[in-house]
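Just so you know, ligand 1 is whichever comes first in the structure, and atom 1 is the first atom listed for that ligand. Numbers here are sequence positions counted from 1. Note that the coordinates shown come from a computational prediction; the quantities given were computed from them, not determined experimentally.
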Amino acid sequence: MLWSGWGDPAKARELPEQVRRLLHDFLGVRAPGTAAVALESVRLPPVALPGPLLEALAKIVGSAHVLTSHEARVRHTRGKSTPDLLRMRTGDGSDAPDAVVLPGSHEEVAELLRVCSAERVAVVPFGGGTSVVGGLAAARSGFAGVIALDLGRLDRLLSVDLESLVASFEPGVRAPEAERLLAGRGLTLGHFPQSFEYATLGGFAAARSSGQASAGYGRFDDMVMGLTVATPSGTLDLGRAPKSAAGPDLRQLVLGSEGAFGVITSLRLRVRRAPAERRYEGWRFGTFAEGSAAVRALAQEGPLPTVLRLSDETETMIGLAKPDAIGSGGSGGSGCLLIAGYEGAFAAERQAAASAVLERTGGEPLGAEPGEAWEHGRFSAPYLRDSLLAAGATVETLETAGFWANLPRLYDAVRLALAGALGSPLVMCHISHVYETGASLYFTVVTAQEGDPVEQWERAKAAASAAIVEAGGTITHHHGVGREHRDAYAAELGPVGVSVLQAVKARLDPAGILNPGVLVPPAGPA
Ligand SMILES: Cc1cc2nc3c(=O)[nH]c(=O)nc-3n(C[C@H](O)[C@H](O)[C@H](O)COP(=O)(O)OP(=O)(O)OC[C@H]3O[C@@H](n4cnc5c(N)ncnc54)[C@H](O)[C@@H]3O)c2cc1C
């Protein structure tokens, strides 16, 4: 993973000339962005943890698994949001951990939490490092130091129950490896977020991730049947049946807890038989409102495709649903592009039935090409971000969800807020995940960098977040809370809800060492 950008450097993408022209003519981009400093030049705070404490950690995991090198610390600094990358490009490593610690078992994690609680060392669980909400930048103040608890050594498939279709994994398994391990047994998880190449199973559960095929396979939290969690107060072992009426489901307390309550050390996940057949296609609708009505009809009447995504007019024109083709001549066309994918049993029958709904609701069939192009480029878009940052444009995404009746208001409010904060940005949107009662809106924003681009984006993000809250949406559908959405999350919960969250934190993590500053608002004066 590129430390100052996204993904495999070998897959870096040059900006097509057509995109450069768009940046210049439409967005007024005139000067290139700040080039990334060399990795050796990133400025890190001195290692705060005293030698004996580092030795105590090494005693638990082995000295080869406690890293304090410049490179290891840089590579575990923050996540992969655009502000994260902009800061790293300028060499700002001020949030770096003092050390990176790699445990090899649940017991080692538990022991590390015990020592860190006693010594007041902040612990940041680190999966794939792809958080986009500040989920990996712990508050330092009041702590002897900060460690990144890299779960990369916990990378095994533990068992597969072919009868129940439940697979047990350690948390540090990256998504492609999980799919590879399952494919050998004819199975799939079906979780394909755009961060697929690097994110881990533990990170998906901790941040309530949602993949591009969520219409068919569900969100990641739907897949979690059981969890083992090491907390400073002991171990939680949750989930002994798919569903239960035995009181509140504490699995839900761990899902989305973003490392603030404990460290997930294993997960029991629902898996499916790998699909023998995959069919992807495109449809065009005249307007976003018409397309939304069609998507709603599918969500409410069925049959639901496995993948369902509707771009608005701007996203369709730019061709964002086919990232590999952006700038390769011609725009994405007029109207709104809908991508539908059908996988697994009865794919052809489901496609025929869903197509009847799409036709009845005004869709024009475009055949397989747009769907296959989307599938081919589904993980490419993040690579363009690095090139845009280098060219002097800021690109970032944000997302929300709401009920169908409120979705148009939410859509307008976010666009208006971004335009108000940024002048004339390019704002694209698609419906990314659908439910019977509502959907998620995923916005991609491109703007010319002005002044301090981090400060410029933070202003825009604050305006968009305020608009989401005001318009009655949730602050996040799948990116999570981190530090960035903490205040808006608190507003969603209300004061009693916040006090419950704080009480849980105090019970499981009395010394407050786990990901301080993330998710849980600090307890104020009573
Ligand atoms: C380019 C890009 C595209 C993305 N696309 C999507 C998308 O399509 N859908 C989506 O849902 N998200 C997406 N994300 C966001 C991100 O990938 C998800 O939030 C993902 O779940 C994070 O997984 P990770 O392994 O990288 O976790 P990390 O980023 O390492 O950690 C995320 C949070 O969980 C905590 N954590 C990690 N592992 C554990 C553990 N074992 N126990 C307890 N806490 C833990 C961390 O402390 C942190 O707070 C995208 C991000 C990027 C950069």
Exercise for the section: Count the heavy atoms belonging to other residues, nucleotides or ligands that lie under 6.0 Å from NE2 of His70, then report whether that count exceeds 12. Expected result: yes
Exercise for the section: May I ask which of Ala230, Ser195, Ala137 has a heavy atom nearer to atom 14 (N) of ligand 1 than the others do? Expected result: Ser195
Fill in the blank from the handout: Of Gly202, Gly262, Gly480, Ser81, the residue with the heavy atom nearest atom 43 (C) of ligand 1 is Gly262
Practice task
Just let me know how Val133 lines up against ligand 1, side chain, backbone, both or neither, with a heavy-atom cut-off below 4.0 Å.
Solution key: neither
Problem - Contacts of Leu158 that satisfy side-chain contact (heavy atoms from CB on, under 4.5 Å) - sequence neighbours left out - result: Arg156, Ser168, Glu170, Ser266
Fill in the blank from the handout: Ala206 heavy atoms within 4.0 Å reach ligand 1 at atoms 34 (O), 35 (C), 36 (N), 44 (N), 45 (C)
Problem - ligand 1 N/O within reach of Val124 N/O, cut-off under 3.5 Å - result: no
Practice task
Check each atom of ligand 1 against the heavy atoms of Lys80 and keep those under 4.0 Å away; list them by number with element.
Solution key: 53 (C)
Exercise for the section: May I ask you to check whether Thr130 has an N/O atom sitting below 3.5 Å from an N/O atom of ligand 1? Expected result: yes
Problem - Polar contact flag for Gly211 and ligand 1 (N/O pairs, less than 3.5 Å) - result: no
Practice task
Could you tell me whether the side chains of Thr444 and Glu315 share a donor-acceptor contact shorter than 3.5 Å?
Solution key: no
Practice task
Say whether Arg385, considering both its backbone and side-chain N or O atoms, lies within less than 3.5 Å of an N or O atom on ligand 1.
Solution key: no
Problem - Residue pairs, two or more places apart or on separate chains, that pass ring-ring contact (aromatic ring centres under 6.0 Å, His included) and touch residues 89-118 - result: none
Completion exercise
One finds that the ligand 1 atoms under 4.0 Å from a non-hydrogen atom of Val263 are 42 (N), 43 (C)
